[in-house]
**Student:** 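The structure under discussion is supplied below as structure tokens; questions concerning it will follow.
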2 protein chains.
Amino acid sequence: MSLNLRAEVLLKTLIERYIADGQPVGSRTLARQAGLELSPATVRNIMADLEELGLVSSPHTSAGRVPTELGYRVFVDTLLKVRPLDSSEVRKLKGELMTPQDTEHLIGSASQIMSKISKLAGIVMVPRRDEKAAFRHIDFIGLSGQRILVILVTDDGSVHNRIISADRKYSPSELEQAANYFNDAYAGISLGKVKRMLLNEIQQAGEDMQRIVHLAVHMARQAIDGEREETEDLVVSGESNLMEIPDLGDIHKLRKLFDAFNTKRDLLHLLDQSMRAGGVKIFIGSEAGYEVLEDCSVVTAPYSADGEVVGTLGVIGPTRMAYEHVIPVVDITARLLSAALSLQGSESGHLETPRQ
Amino acid sequence: MSLNLRAEVLLKTLIERYIADGQPVGSRTLARQAGLELSPATVRNIMADLEELGLVSSPHTSAGRVPTELGYRVFVDTLLKVRPLDSSEVRKLKGELMTPQDTEHLIGSASQIMSKISKLAGIVMVPRRDEKAAFRHIDFIGLSGQRILVILVTDDGSVHNRIISADRKYSPSELEQAANYFNDAYAGISLGKVKRMLLNEIQQAGEDMQRIVHLAVHMARQAIDGEREETEDLVVSGESNLMEIPDLGDIHKLRKLFDAFNTKRDLLHLLDQSMRAGGVKIFIGSEAGYEVLEDCSVVTAPYSADGEVVGTLGVIGPTRMAYEHVIPVVDITARLLSAALSLQGSESGHLETPRQ
DNA sequence: CTTTAGCACTCCCTGTGGTAGAGTGCCAAG
DNA sequence: CTTGGCACTCTACCACAGGGAGTGCTAAAG
């Protein structure tokens with residue numbers, strides 16, 4: 001892909017222009033806009049070259065050129081200069097994310113603020129650190145019948161609750177004993193480890209363990225197992241912004257996209273991919289491999305808590321989006337969210353004696 | 001509004017026909033469909049009468065008739081016979097709502113199942129019974145810095161958590177003492193009462209109360225106050241179903257509607273209105289008084305827990321919806337949700353000694 | 001060899017007119 | 001009161017032509 005300087009400049013101006021107003025751009029316009037002293041005819045020759053390389057295409061014979069996905073790819077990879085964020089926007093971001101709030105709200109705020117600033121849809125994967133987060137506290141509370149409410153608190157300050165059915169009814173004091181046993185025995189241990197320990201305990205001990213211990217172990221196991229599903233989740237905001245974008249005018253495609261927002265599976269998978277690579281990543285149109293994302297691009301960045309990557313967030317919009325603006329928004333949101341989450345982690349696991 | 005039988009039959013068939021295929025219906029079709037032995041010309045005369053009464057209108061001179069909002073009103077109030085639900089649909093509903101799950105999931109399931117069956121959007125207001133629900137249990141857990149995670153459990157089995165900033169850092173044992181104090185002092189008392197008691201306690205005691213008590217009271221107060229906002233919430237499902245409905249083809253209107261789903265304020269207000277009246281209520285088009293609901297109808301029903309109305313749910317779709325199908329869906333969902341919520345309430349508040 | 005001007009060509013978009021179809025309103029007869 | 005008949009209206013659809021935008025090609029100029 002060796003483009004000479006002139007061709008690069010022209011491709012860049014073409015894409016910028018096209019992003020700005022969505023019209024195919026012709027040789028005359030391009031010649032004037034590019035700042036090079038070239039005639040439209042010369043530009044036409046170069047456009048023919050670019051078309052051969054698969055970087056641009058024309059919707060029909062007499063309609064100017066439009067970037068292809070490959071064209072966008074080259075653009076974002078080599079030609080794009082991201083412009084630093086407006087200080088007012090940075091302030092907005094900080095204001096939204098630096099106020100203390102629990103993880104759930106934080107995620108929601110991040111998603112919303114991204115969608116508000118970019119005028120597109122914001123997506124945030126909920127953090128996946130259950131396996132690593134340390135167990136902090138558990139509570140068993142009896143409901144009607146044999147149902148028991150289990151509240152599980154991890155070291156990072158997140159709370160999960162779940163209703164399970166027990167084998168019989170338990171008295172409040174039995175439940176309290178069970179909780180005490182569990183809190184004493186497992187405080188400070190990572191959830192992943194707790195899970196393995198529970199499995200062992202169940203297999204080995206068989207019937208001869210104390211009733212209370214038995215109860216605690218089984219209930220906790222159900223609660224921790226249940227977490228897995230719940231945590232595979234995604235927060236989407238500002239979907240409706242996408243409805244005003246003429247590029248996505250096809251109601252049918254739009255509907256499929258919205259369904260994807262609700263199903264979440266595909267998007268989660270996509271976000272999962274970009275968890276590994278550090279920094280901002282961009283998926284253009286069909287690159288992502290999902291049909292629903294046709295004509296869409298996704299700009300993602302991983303975020304971390306306490307120095308470890310725990311999730312991904314991003315913005316989703318039409319392929320024709322203002323990348324130079326969206327990229328820094330996603331980037332900075334990821335950084336701010338990381339900071340907020342790291343602040344939030346409990347110190348007590350390391351610095352203080354675990355609560356008993 | 002005195003319609004003779006013939007006119008009623010014609011209006012009914014017209015609306016049924018229009019609901020079925022969305023086309024303005026002409027006199028010839030109507031004459032054949034209605035089962036009355038009438039010629040198109042006679043039907044035309046009657047249609048002119050109905051038009052004068054404001055029950056139908058024609059989009060243009062030669063285009064058949066279409067029901068007006070008033071026409072729909074008369075239809076649902078006096079002409080409509082709701083058909084009982086398919087037993088397979090009832091099974092689906094029961095399967096979804098009778099499996100034990102916590103309140104939050106229950107609400108989500110109710111909304112989803114309604115949208116799935118009606119192929120429209122389902123909305124459920126989250127229950128408002130905080131003031132009445134009894135306080136059950138509180139936990140304070142220290143996070144980094146001066147931040148404290150407060151977990152509040154009410155008697156109905158719902159869990160709320162919130163992060164607050166304390167005036168200084170507290171040790172785990174201090175926090176535990178505070179929680180113990182609070183759990184002992186307030187167990188079984190309704191949240192509304194707890195709130196008032198806390199206000200009193202703060203005013204009266206001034207500085208001379210014990211440090212721990214002081215801490216507990218202040219933290220609990222923040223948590224309980226916070227609840228108010230959070231609980232003003234709404235769960236929407238199946239919005240994307242609305243995108244495939246040709247009646248709502250105008251992207252701009254659709255966008256406004258989706259914004260309303262996100263803002264939630266207007267919809268909550270609407271649902272709030274129908275909390276008082278028992279049974280299914282129907283808002284047709286502009287009747288509701290909200291611009292965004294133009295061309296939409298909302299079918300709502302209140303639901304209860306332990307015999308007391310705590311919220312409203314419903315379905316929202318185009319004015320031209322299959323009322324005779326949607327109405328029983330909403331009705332039964334409300335009943336099933338009521339049953340599920342009533343099951344869920346904890347008995348312990350009444351039957352057992354409060355946990356200490 | 002590259003750049004440029006000129007020119008014919010292609011395709012879209014818009015507006016126009018004409019026609020068929022559906023349905024109405026009205027009138028006069030049953 | 002009901003019905004058949006008839007003139008009228010409005011829409012939807014089609015074909016067609018003209019203007020506009022932009023291209024590709026060619027030949028000449030740098």
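Every chain is numbered from 1 and lettered A, B, ... according to where its sequence line falls, protein lines coming before strand lines.
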**Student:** Mind calculating the distance between CG (Leu50(B)) and P (dT24(C)) to the nearest angstrom?
**Tutor:** 12 Å
**Student:** Judged by each residue's nearest nucleotide on DNA chain D, which is more toward the 5′ side, His60(B) or Arg6(B)?
**Tutor:** Arg6(B)
**Student:** Between dT24(C) atom C1' and Ile46(B) atom CD1, what is the distance in whole Å?
**Tutor:** 15 Å
**Student:** Between Ser111(A) and Ser237(A), do the side chains contain a donor N or O and an acceptor N or O under 3.5 Å apart?
**Tutor:** yes
**Student:** Roughly how many Å is it from CD in Glu52(A) to P in dT23(D), rounded to a whole number?
**Tutor:** 16 Å
**Student:** Between Glu287(A) and Arg73(A), does at least one N-O distance fall below 4.0 Å, as a salt bridge requires?
**Tutor:** yes
**Student:** For dG23(C), does either OP1 or OP2 sit under 4.0 Å from a side-chain N or O belonging to Ser58(B)?
**Tutor:** no
**Student:** Asn45(B) has an atom CG; how far is it from atom C1' of dG25(C), in whole Å?
**Tutor:** 9 Å
**Student:** Starting from P on dA22(C), measure out to CZ on Arg28(B) and report it in whole angstrom.
**Tutor:** 8 Å
**Student:** Ion pair present between Glu51(B) and Arg65(B), side-chain N to carboxylate O less than 4.0 angstrom?
**Tutor:** yes
**Student:** Once you round it to whole Å, what is the distance between C1' of dT24(C) and CG of Asp49(B)?
**Tutor:** 15 Å
**Student:** Counting only side-chain nitrogens and oxygens, does Arg65(A) get under 4.0 Å of the OP1 or OP2 atom of dG24(D)?
**Tutor:** yes
**Student:** Return the value, rounded to whole Å, for the distance between atom CG of Leu30(B) and atom P of dA22(C).
**Tutor:** 17 Å
**Student:** Heavy atoms from C-beta onward define the side chain here; which of dC11(C), dT4(C), dG24(D) lies closest to that of Thr61(A)?
**Tutor:** dC11(C)
**Student:** Salt bridge or not between Glu16(A) and Lys12(A)? Use side-chain N to carboxylate O under 4.0 Å.
**Tutor:** yes
**Student:** Identify all pairs in which a protein N or O lies below 3.5 Å from an N or O of nucleotides 4-6 of chain D, and state each distance.
**Tutor:**
unit_1: dG5(D); atom_1: O6; unit_2: Arg44(B); atom_2: NH2; d: 3.3

**Student:** Under 3.5 Å, is there a donor-acceptor pair between the Asp259(B) and Ser240(A) side chains?
**Tutor:** yes
**Student:** Using the 3.5 Å cut-off, write out each protein N or O paired with an N or O of nucleotides 18-21 of chain C and the distance between them.
**Tutor:**
none

**Student:** So which one's nearest nucleotide on DNA chain C is more toward 5', Glu37(A) or Thr29(B)?
**Tutor:** Glu37(A)
**Student:** So what does Thr42(A) touch, heavy atoms closer than 4.0 Å: a base, only the sugar-phosphate, or nothing?
**Tutor:** base
**Student:** When you check the side-chain N and O atoms of Ser286(A) and Glu69(A), is any donor under 3.5 Å from an acceptor?
**Tutor:** yes
**Student:** Check step by step if side chain to side chain contact (heavy atoms under 4.5 Å, CB included) holds for Ile19(A) and Met321(A).
**Tutor:** CA-CA 6 Å; Ile19(A) 286 178; Met321(A) 70 163 78; over 6 Å; no
**Student:** So Gln23(A), base contact, sugar-phosphate only, or nothing? Heavy-atom distance under 4.0 Å.
**Tutor:** nothing
**Student:** Angle between ring planes, Tyr72(B) versus Tyr18(B), binned at 30° and 60°: parallel, tilted or perpendicular?
**Tutor:** tilted
**Student:** Gln33(A) has an atom CD; how far is it from atom P of dG22(D), in whole Å?
**Tutor:** 13 Å
**Student:** In terms of ring plane angle, is the pair His269(B) and Tyr290(B) parallel, tilted or perpendicular, where the classes change at 30° and 60°?
**Tutor:** perpendicular
**Student:** Could you list the residues that satisfy side chain to side chain donor-acceptor pair (under 3.5 Å) with Ser39(B), not counting sequence neighbours?
**Tutor:** Thr42(B)
